[in-house]
Amino acid sequence: MFKHFISLQWKSFWRSASASSGVWMKIFMGFWAVYFILMMMGGSIFVFKYINKDLCLDPLTVVSRFLIYWWAFDLIFRYALQKMPVINITPLLILPFTKNKIVSFALGKTMLSFFNIIHAFFFVPFSVLLIAEGNAPVLNVLLWNIGLIALIYANNFLNILLNNKDSLIYGVGGVIAVLGGLHYLGYFDVTLYTAPFFQGLYESQFLFVAPIVAAIGLYIIAFKSFVKDLYLDAGLATKSKTVKTENLEWLDRFGKTATFLKNDIKLIKRNKRARSTVIVSALFLFYGLLFFTGAVEAYEGPVWKIFAGIFVSGGFLLSFGQFVPSWDSSYYPLMMSQNIKYREYLSSKWWLMVMATFISTILASGYLYFGWEAYLAVVVGAIYNMGMNSHVVLWAGAYVKTPIDLTSNKKAFGDKQSFNIKTMMLSLPKLALPMVLYAIGHYAYSPYAGYLLVAVAGIAGFAFRNMVFDKIEKIYRTEKYATIWAYKQKK
């Protein structure tokens, strides 16, 4: 039966309207998967060496102490990014399959998720070093890993259960943020109470059973929950909600563009998938810690600072912007039949990304703690994002033709994005060009010359904004009917 399910999934992929773009997306995601795998393996070796030789401490004890934060971050990260399986099983409800087998297959797919597998590339090398250099007993290390694997899969099923409970996951994230802040400030150390459990997974030969029982229990609860709601007219049906009207009069200063700005802001406030972009944007704010703290030796080169500045200030631009105009795919054909100017539509998206980048830059002022040069990289990156990358994102959006179903349980970043050679080429100026400009100025004269070149490029984007918008508008008009056709395809 499962073989038949896999066959259906394979046919669905190759027969879909976006099969060719899906292949490119898989290749693109493969590169990122390799990148994260290498990062996890390198981080594992670095953490062991640093704790063992530089701090002269027991690596297992130190890592076990902070595993509570690893577990919490994994849960929040999954909630923002991991794809839910429910929408994929809807077509199977009209076929002669039992509900138990459909749900088993759907949950089984989540168990093979990259979010589960990626952890092994940190803990396996770390465990090998524990045995080889730390003389740790093989059985104890094995039991420690089994317990951690069970906790990871417990997160997998817990995330499925929490998928529609925004307030609960935000509460969990808030509690973790408060505990982390209290720990950092020295008022309360939650790891003193959680470390004995994670250390006990290594020292005790029976404690590893507890995470396994928890994972099995969460699987059973998730299984029963899905089976209970597995009806075309029940849990998978569109739910009606009370809608509150908002005027957002303060946006009227933008003229006709305000109509689209109001729609986008309401979308972000009301739709779970759009709100995920805000969560990811907040996570981007902390990305600079890898570069400005010297935590990773590979990122200590001067060129990486501007790379960090682009990501820290452009989280919303890179996450929300990459799905323009797919956010409006459900009513895009209707919108194109109205008397709407492309310039007004595109300007609304541009202003939204510029405002979000400006807010991110203000929130990132905490990087002044690492010196004003660190924050200068963020500010310069923001100028480039607002002047150049905002246009590049809109330009690339003309070739992105994958519709987004805002009523599904998938997160915005769980869908495959339509990807092709044009979008890949247009992605280069986002990150490669500012790094090249900075490198020219840095090595030819000084770091400030590098920052100046990147800032000038961003300012030039503002200066030639009208000319660039004319070009982008023309491309959108050329791709108009191809985009409408793609949005009408049934996945």
Side-chain angles (χ1 to χ4, degrees), residues 40 43-44 47-48 50-52 55-79 82 110-111 113 115-131 133-162 165 168-222:
M40 294 293 270
S44 174
V47 166
F48 183 91
Y50 178 74
I51 297 175
N52 190 35
L55 300 181
C56 298
L57 297 173
D58 180 16
L60 179 65
T61 302
V62 175
V63 169
S64 296
R65 178 184 176 187
F66 293 98
L67 278 177
I68 182 62
Y69 292 115
W70 180 291
W71 177 86
F73 180 79
D74 175 60
L75 178 61
I76 296 173
F77 193 73
R78 287 172 183 272
Y79 184 82
Q82 189 175 14
T110 67
M111 296 180 67
S113 169
F115 290 91
N116 298 324
I117 299 173
I118 186 63
H119 298 276
F121 294 97
F122 180 90
F123 290 111
V124 170
F126 186 82
S127 300
V128 171
L129 290 174
L130 280 176
I131 298 172
E133 299 189 15
N135 298 319
V138 176
L139 178 61
N140 294 64
V141 174
L142 179 61
L143 296 179
W144 184 69
N145 276 274
I146 292 175
L148 294 181
I149 292 172
L151 286 174
I152 290 170
Y153 278 101
N155 261 0
N156 180 74
F157 301 122
L158 182 60
N159 175 53
I160 294 175
L161 293 172
L162 296 179
K165 298 176 176 60
L168 185 57
I169 195 65
Y170 293 152
V172 172
V175 170
I176 295 300
V178 170
L179 291 176
L182 293 175
H183 185 187
Y184 179 78
L185 296 174
Y187 292 110
F188 178 76
D189 187 358
V190 68
T191 61
L192 295 177
Y193 301 93
T194 59
F197 170 75
F198 292 102
Q199 186 69 22
L201 295 175
Y202 170 80
E203 296 176 350
S204 172
Q205 295 186 359
F206 305 99
L207 189 58
F208 77 97
V209 177
I212 295 178
V213 172
I216 295 175
L218 288 169
Y219 174 86
I220 294 174
I221 295 174

Apply ring pair (Phe, Tyr, Trp, His ring centres under 6.0 Å) to Phe123 and list each qualifying residue two or more places apart in sequence or on a separate chain.
Trp70, Trp144

Got a sec, which residues hit ring pair (Phe, Tyr, Trp, His ring centres under 6.0 Å) with Trp71, two or more places apart in sequence or on another chain?
none

For residues 201-214, dump all side-chain donor-acceptor pairs below 3.5 Å to protein atoms at least two apart in sequence or in another chain.
residue: Glu203; atom: OE2; partner: Gln199; partner atom: NE2; Å: 3.2
residue: Ser204; atom: OG; partner: Phe206; partner atom: N; Å: 3.2
residue: Ser204; atom: OG; partner: Leu207; partner atom: N; Å: 3.3

Please check if the side chain of Ser64 supplies one atom and the backbone of Ala195 the other of a donor-acceptor pair under 3.5 Å.
no

Taking all heavy atoms of Ala150 and all of Ala215, pick out the closest pair and write down the distance.
O-CB, 3.5 Å

Go through the steps for His119 and Ile149 under the test side chain to side chain contact (heavy atoms under 4.5 Å, CB included), then give the verdict.
CA-CA 8 Å; His119 298 276; Ile149 292 172; over 6 Å; no

Rounded to the nearest 0.5 Å, the CG atom of Leu148 sits from the CZ atom of Phe126 at a distance of 10.0 Å

Sequence neighbours excluded, the answer for ring pair (Phe, Tyr, Trp, His ring centres under 6.0 Å) partners of Phe197 is none

How long is the straight-line distance from CZ of Phe157 back to CE of Met111, given to the nearest 0.5 Å?
4.5 Å

Take atom OH of Tyr50 as the centre, draw a 6.0 Å sphere, and report whether it contains more than 12 heavy atoms from other residues, nucleotides or ligands.
no

Minimum heavy-atom separation for Asn145 and Ser127, please, with both atom names.
ND2-OG, 2.7 Å

Residues which pass side-chain hydrogen bond (donor to acceptor under 3.5 Å, both in side chains) with Asp58, listed by chain and number, not counting sequence neighbours:
Thr61

Rounded to the nearest 0.5 Å, how far does CD1 of Ile146 lie from CG of Leu151?
12.5 Å

Spacing of Ile221 atom CD1 and Ile160 atom CD1 [to the nearest 0.5 Å]
12.0 Å

How far apart are the closest heavy atoms of Pro125 and Ala120, and which atoms are they?
CD-O, 3.7 Å

When Val47 is tested against each of Leu129, Val63, Val62 for side chain to side chain contact (heavy atoms under 4.5 Å, CB included), which residue passes?
Val63

Got a second to check how far Asn155's CG is from Ile152's CD1, nearest 0.5 Å?
8.0 Å

Check against side chain to side chain contact (heavy atoms under 4.5 Å, CB included), Leu192 and Asp189:
CA-CA 6 Å; Leu192 295 177; Asp189 187 358; 3.6 Å; yes

Who pairs with Tyr69 by side-chain hydrogen bond (donor to acceptor under 3.5 Å, both in side chains), at least two apart in sequence or on another chain?
His183

To the closest 0.5 Å, what do you measure between CZ (Phe122) and CZ (Phe48)?
11.0 Å

Test item: Arg78 side-chain N/O and Phe115 main-chain N/O as donor-acceptor pair under 3.5 Å:
yes

